[in-house]
Amino acid sequence: MSEVTLEHVYKRFGDVTAVQDFNLEIKDEEFMVFVGPSGCGKTTTLRMVAGLEEISEGTLKIGDRVVNDIPPKDRDIAMVFQNYALYPHMNVKQNMSFGLRLRKTPKDEIERRVQEAADILQIGHLLERRPRELSGGQRQRVALGRAIVREPQVFLMDEPLSNLDAKLRVEMRASISKLHRRLGVTTIYVTHDQVEAMTMGTRIVVMKDGLIQQVDSPINLYDKPVNKFVAGFIGSPAMNFMVGGIEGGRIRSANFDIKPQGELAQKLQAYEGKQVYVGVRPENFGLKGYTNIEENDNVVKATVEVVEPLGAETHIIASVGGDQNVVARVDPHANVQAGDTIELLCDLDYLHAFDMDGEQNLRFA
């Protein structure tokens with residue numbers, strides 16, 4: 001079994017606390033993604049699991065074994081780096097087998113593992129080439145192959161796709177997901193790209209300022225974010241936020257008037273006379289006259305700033321009252337131009353409201 005458990009883990013650099021009270025249990029064969037903005041502590045946490053950074057406080061277990069004081073080479077992990085970290089003077093086969101040769105693994109076993117990994121990654125025809133003769137995608141496959149031949153308990157991947165172009169990133173995302181399904185090795189994957197996180201992770205850890213904000217499945221993070229930070233970070237385009245006051249059970253401003261329903265309406269009763277952030281995802285706005293959302297009086301009046309036709313859909317960037325911009329995903333055939341005044345209908349089933357102080361999602365509080 002290769003669970004990874006972090007209990008009350010801290011990492012301090014002098015007076016700076018980079019990771020605070022980190023508690024997480026990663027299950028055997030799970031694909032766990034750490035995501036968050038630069039400086040949130042995700043790579044530092046990964047490096048503590050790898051043994052490349054000492055833990056200031058707390059306990060780290062791999063399986064049933066506490067590994068706080070065990071050196072990296074004895075933790076039975078394999079790491080894939082952002083910059084590939086291949087030896088330029090060695091060919092692909094030598095790079096992939098280097099760790100096994102250091103461990104004095106028998107030659108026939110090395111041969112078997114390298115060939116199996118090369119077959120899985122479809123790089124068998126590259127085994128005699130040197131890194132300078134490979135494309136970025138091929139180098140990354142070699143780096144993955146070097147990790148696979150180790151047959152570790154845990155794979156650690158630190159932004160392995162960030163040096164690739166957009167098309168290649170999409171291909172490699174699919175390759176890594178397929179690889180995980182085939183090998184079933186517990187994997188911790190660090191990225192700042194929320195699209196990577198959403199498409200690859202069994203579960204996702206969203207981090208900010210060294211703290212875990214939420215741990216959940218991709219769909220729950222999207223539909224049930226616990227706070228404004230998670231709601232704004234997960235999703236592309238991001239969730240729209242507008243400020244309104246609670247008056248008579250409605251959320252009002254000079255440019256919108258929305259009546260929440262169900263449980264959210266009940267929770268907002270305690271906020272009468274106060275302001276809240278209203279959260280609406282771009283696809284939960286409907287352009288009046290071009291939407292399946294039922295006609296209602298929950299209307300946001302806006303002025304179109306930019307129209308972005310994307311083929312299957314169109315993104316409208318519009319100004320609400322001059323000081324707030326929103327993005328709406330609308331029908332690609334909608335006849336809208338910059339400068340038009342439009343009315344956006346809200347799908348109340350997916351309406352969110354956030355407290356102005358703690359920024360907690362009141363819908364799930």
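In what follows, every heavy atom counts, from backbone to side chain, and hydrogens, waters and symmetry copies are set aside. Position 1 is the first residue of the sequence, and the numbers go up from there.
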Worksheet item: Which heavy atom of Ala50 sits nearest a heavy atom of Pro72, and at what distance?
Response: O-CB, 3.3 Å
Worksheet item: When rounded to the nearest 0.5 angstrom, what distance separates CG in Asp355 from NZ in Lys274?
Response: 8.0 Å
Worksheet item: What residues, two or more places apart in sequence or in another chain, satisfy ring-ring contact (aromatic ring centres under 6.0 Å, His included) together with Phe22?
Response: Phe34
Practice prompt. Answer with yes or no whether the hydrophobic clustering places Val195 together with Val190; edges join I, L, V, M, F, W, Y residues whose side-chain heavy atoms lie under 4.5 Å apart.
Written response: no
Discussion item. Take a 6.0 Å sphere around NE2 of His333 and say whether it holds more than 12 heavy atoms from other residues, nucleotides or ligands.
Written reply: no
Between side-chain atoms of residues 96-103 and protein atoms elsewhere (two or more places apart, or another chain), which donor-acceptor pairs fall under 3.5 Å?
residue : atom : partner : partner atom : Å
Ser97   : OG   : Lys93   : O            : 2.9
Ser97   : OG   : Gln94   : O            : 3.4
Ser97   : OG   : Arg101  : NE           : 3.0
Arg101  : NH2  : Gln94   : O            : 2.7
Arg103  : NH1  : Gly99   : O            : 3.1

Worksheet, complete the sentence: In this structure, OH of Tyr189 is separated from NZ of Lys42 (nearest 0.5 Å) by 12.0 Å
Worksheet entry | Distance in Å, Leu126 CG paired with Glu133 CD, rounded so as to fall on 0.5 Å steps | 9.5 Å
Fill in: Whether over 12 other heavy atoms sit under 6.0 Å from Glu57 CD
yes
Practice prompt. May I ask you to decide if Gln261's main-chain N or O and Asp349's side chain share a donor-acceptor pair within less than 3.5 Å?
Written response: no
Item to complete: Provide the full list of salt bridge (charged side-chain N to carboxylate O under 4.0 Å, His left out) pairs with a residue in residues 182-203, sequence neighbours left out, each pair given once.
Response: Glu30-Arg203
Discussion item. Do Val33 and Leu144 sit in one hydrophobic cluster, given that two such residues count as connected whenever their side-chain heavy atoms are within less than 4.5 Å of each other, even indirectly?
Written reply: yes
Which pairs of donor and acceptor atoms, one on a side chain in residues 231-248, lie under 3.5 Å apart (sequence neighbours left out)?
residue : atom : partner : partner atom : Å
Asn240  : OD1  : Val327  : N            : 2.7
Asn240  : ND2  : Val280  : O            : 3.0
Asn240  : ND2  : Val327  : O            : 2.8

Worksheet entry | Student check: side-chain heavy atoms of Leu86 and Val142 closer than 4.5 Å | yes
Fill in: For the student: nearest non-hydrogen atoms of Ala197 and Ile204, plus distance
O-CD1, 3.3 Å
Worksheet entry | Stepwise side chain to side chain contact (heavy atoms under 4.5 Å, CB included) check, Leu287 with Asp331 | CA-CA 8 Å; Leu287 180 62; Asp331 188 293; over 6 Å; no
Discussion item. The criterion is side chain to side chain donor-acceptor pair (under 3.5 Å); which residues satisfy it with Tyr277, sequence neighbours excluded?
Written reply: none
Discussion item. Under the rule for side chain to side chain donor-acceptor pair (under 3.5 Å), what residues qualify as partners of Arg130, not counting sequence neighbours?
Written reply: none
Worksheet entry | Audit row: Asp76, Ile62, side chain to side chain contact (heavy atoms under 4.5 Å, CB included) steps and yes/no | CA-CA 9 Å; Asp76 201 9; Ile62 298 177; over 6 Å; no
Fill in: Main-chain N/O of Ala365 paired with Lys267 side-chain donor or acceptor, under 3.5 Å
yes
Discussion item. According to a hydrophobic-cluster definition based on side-chain heavy atoms being under 4.5 Å apart (Ile, Leu, Val, Met, Phe, Trp, Tyr only), do Val170 and Met198 belong together?
Written reply: no
Practice prompt. Write out all pairs satisfying salt bridge (charged side-chain N to carboxylate O under 4.0 Å, His left out) with one or both partners inside residues 209-227, taking only residues at least two apart or from two chains.
Written response: none
Worksheet item: Do side-chain atoms of Glu109 reach the backbone of Pro106 as a donor and acceptor pair under 3.5 angstrom?
Response: no
Item to complete: Using modelled atom types only, decide if a donor and an acceptor are shared between the side chain of Thr186 and the backbone of Ser2 within a distance under 3.5 Å.
Response: yes
Discussion item. Ignoring hydrogens, what is the shortest heavy-atom contact between Pro88 and Pro131? Give both atom names and the distance.
Written reply: O-CD, 3.8 Å
For residues 77-84, please give each side-chain donor-acceptor pair under 3.5 Å, one per line with the distance, not counting sequence neighbours.
residue : atom : partner : partner atom : Å
Gln82   : NE2  : Ser162  : OG           : 3.1

Worksheet item: Is there a donor-acceptor pair under 3.5 Å between the side chain of Arg75 and the backbone N or O of Ile70?
Response: yes
Fill in: Cluster link Leu168 to Leu121, ILVMFWY, side chain under 4.5 Å
yes
Worksheet item: Between Val307 and Asp340, is any pair of side-chain heavy atoms under 4.5 Å apart?
Response: no
Practice prompt. For residues Val330 and Thr291, determine if any side-chain heavy atom of one lies less than 4.5 Å from a side-chain heavy atom of the other.
Written response: no
Response to the item:
Sorted by chain and residue number, the side chain to side chain donor-acceptor pair (under 3.5 Å) partners of Glu308 (sequence neighbours excluded) come out as none
Worksheet item: Do the non-hydrogen side-chain atoms of Leu183 and Phe155 ever get within less than 4.5 Å of each other?
Response: yes
Item to complete: State which residues pass side chain to side chain donor-acceptor pair (under 3.5 Å) with Glu272; sequence neighbours excluded, sorted by chain then number.
Response: none
Practice prompt. Output the distance between atom CG (Leu221) and atom CD (Gln213), rounded to the nearest 0.5 Å.
Written response: 11.5 Å
Practice prompt. Determine, stepwise, if the pair Val278 / Phe256 fulfils side chain to side chain contact (heavy atoms under 4.5 Å, CB included).
Written response: CA-CA 11 Å; Val278 182; Phe256 63 85; 4.2 Å; yes
Discussion item. Just verifying a value: how many Å separate His8 NE2 and Gln20 CD, rounded to the nearest 0.5 Å?
Written reply: 14.0 Å
Worksheet item: Between Val4 and Leu60, what is the shortest heavy-atom contact and its length?
Response: CG1-CD1, 4.0 Å
Discussion item. Strictly distance-based, threshold 3.5 Å: is any side-chain N or O of Asn284 a donor or acceptor partner for the main-chain N or O of Asp347?
Written reply: no
Practice prompt. Taking the side chain as every heavy atom from C-beta outward, state whether Thr191 and Met200 have any atom pair closer than 4.5 Å.
Written response: no
Item to complete: Write out all pairs satisfying salt bridge (charged side-chain N to carboxylate O under 4.0 Å, His left out) with one or both partners inside residues 152-179, taking only residues at least two apart or from two chains.
Response: Lys167-Glu171
Discussion item. Please report the interatomic distance OG1(Thr5) to CD1(Ile26), rounded to the nearest 0.5 Å.
Written reply: 8.0 Å
Discussion item. Test your reading of the model: is there a side-chain donor-acceptor pair from Glu343 to the backbone of Lys288, 3.5 Å cut-off?
Written reply: no
Worksheet item: Taking only residues at least two apart or on different chains, which pairs with a member in residues 134-154 satisfy salt bridge (charged side-chain N to carboxylate O under 4.0 Å, His left out)?
Response: Arg112-Glu151, Arg113-Glu151
Discussion item. What I'd like to find out is whether the side chain of Pro282 reaches to under 4.5 Å of the side chain of His315, using heavy atoms alone.
Written reply: no
Discussion item. Strictly distance-based, threshold 3.5 Å: is any side-chain N or O of Asn227 a donor or acceptor partner for the main-chain N or O of Glu359?
Written reply: no
Response to the item:
Scanning both residues in full, the closest heavy-atom pair of Thr199 with Ser177 reads O-OG, 4.4 Å
Worksheet item: Do you reckon Ile123 sits in the same ILVMFWY cluster as Met172, going by side-chain contacts under 4.5 Å, direct or chained?
Response: yes
Worksheet item: Hey, does Pro152 have a side-chain heavy atom less than 4.5 Å from the side chain of Val154?
Response: no
Worksheet item: Would you say the side chain of Ser56 lies within less than 4.5 Å of the side chain of Phe13, judging by non-hydrogen atoms?
Response: no
Discussion item. Which heavy atom of Thr303 sits nearest to which heavy atom of Gly339, and what is that distance?
Written reply: CG2-O, 4.0 Å
Item to complete: Measure up the His180 and Phe31 rings against each other and bin them: parallel (under 30°), tilted (30 to 60°), perpendicular (over 60°).
Response: perpendicular
Fill in: Heavy atoms of other groups near Tyr290 OH, more than 12 under 6.0 Å
yes
